[in-house]
Amino acid sequence: MLASPNNDRLLGLLLCSRVSAGVGHVTQVCVLPEFQRQGGGERLLELCAASLLATGCTAVTLTVTERNASAVSLYRQLGYHVQHKFDAMLWEKRWH
Ligand SMILES: CC(C)(COP(=O)(O)OP(=O)(O)OC[C@H]1O[C@@H](n2cnc3c(N)ncnc32)[C@H](O)[C@@H]1OP(=O)(O)O)[C@@H](O)C(=O)NCCC(=O)NCCS
């Protein structure tokens with residue numbers, strides 16, 4: 001979690017799960033729009049990677065849509081590279 005200096009506001013969040021013995025998968029990373037471009041996303045990803053490394057992981061994976069230019073740019077800057085491209089299914093449930 002990324003919090004404000006006096007700890008009273010959540011500014012960003014990263015969720016991660018271990019998908020196999022040595023691999024962690026980032027399922028979500030987000031920073032409030034008004035706090036983006038200040039290094040928060042990078043910090044969350046680097047802390048997550050350090051924590052996974054310290055607990056025996058040797059790789060971190062994540063997925064992103066090709067059109068999400070800011071996230072793609074962030075991941076590239078941190079050394080992530082494309083391993084696999086695939087079509088995804090968008091699921092929906094409607095009430096009205
Ligand atoms: C992706 C996201 C988490 C990045 O968070 P952030 O705090 O803005 O990222 P940082 O400030 O650490 O940016 C680090 C680098 O990422 C890249 N980057 C981030 N935002 C960018 C943008 N809008 N355009 C281009 N590059 C961008 C840049 O290379 C940047 O480095 P620089 O500022 O030195 O140029 C944020 O944009 C976000 O919450 N987006 C909405 C949710 C989302 O799409 N999450 C990813 C799901 S896969």
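Annotation: Arg18, atom CZ; neighbour count of heavy atoms from other residues, nucleotides and ligands within 6.0 Å is above 12. Within 6.0 Å of CG in Asn6 there are more than 12 heavy atoms belonging to other residues, nucleotides or ligands. Atom CD of Glu66 sits in a sparse spot, with 12 or fewer heavy atoms from other residues, nucleotides or ligands closer than 6.0 Å.
Inter-residue side-chain proximity for Leu78 and Glu42 is flagged as met; some heavy-atom pair is nearer than 4.5 Å. Between Cys16 and Leu52 the shortest side-chain heavy-atom distance falls below 4.5 Å. Looking at heavy atoms from C-beta onward, Val31 lies in side-chain contact with Leu44 at the 4.5 angstrom threshold. Counting only heavy atoms from C-beta outward, the side chains of Val26 and Thr61 never approach each other to under 4.5 Å. Leu45 places a side-chain heavy atom less than 4.5 Å from the side chain of Leu14.
Residue Leu32 holds its CG atom at 6.0 Å from CG of Leu11, rounded to the nearest 0.5 Å.
Under the 4.5 Å side-chain heavy-atom criterion for grouping Ile, Leu, Val, Met, Phe, Trp and Tyr, Leu74 is connected to Val72 within one hydrophobic cluster. In this structure, Met1 is a member of the same hydrophobic cluster as Leu15, with clusters built from ILVMFWY side-chain heavy atoms closer than 4.5 Å.
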So Phe86 and Thr63, side-chain contact (heavy atoms from CB on, under 4.5 Å) or not? Walk me through it.
-> CA-CA 10 Å; Phe86 59 95; Thr63 59; 4.1 Å; yes
Under the side-chain contact (heavy atoms from CB on, under 4.5 Å) criterion, do Leu2 and Phe35 qualify, and how do the steps go?
-> CA-CA 10 Å; Leu2 190 66; Phe35 292 97; over 6 Å; no
Show your working on side-chain contact (heavy atoms from CB on, under 4.5 Å) between Tyr75 and Asn68 and close with a plain yes or no.
-> CA-CA 11 Å; Tyr75 303 148; Asn68 192 343; over 6 Å; no
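Inspection of the His25 and Ser17 side chains reveals no N or O donor paired with an N or O acceptor under 3.5 Å.
With respect to Glu34 and Arg9, a salt bridge is recorded, a charged nitrogen being found less than 4.0 Å from a carboxylate O.
Heavy atoms only, all atoms of each residue included: Leu53 and Cys57 are closest at CD1-O, 3.5 Å.
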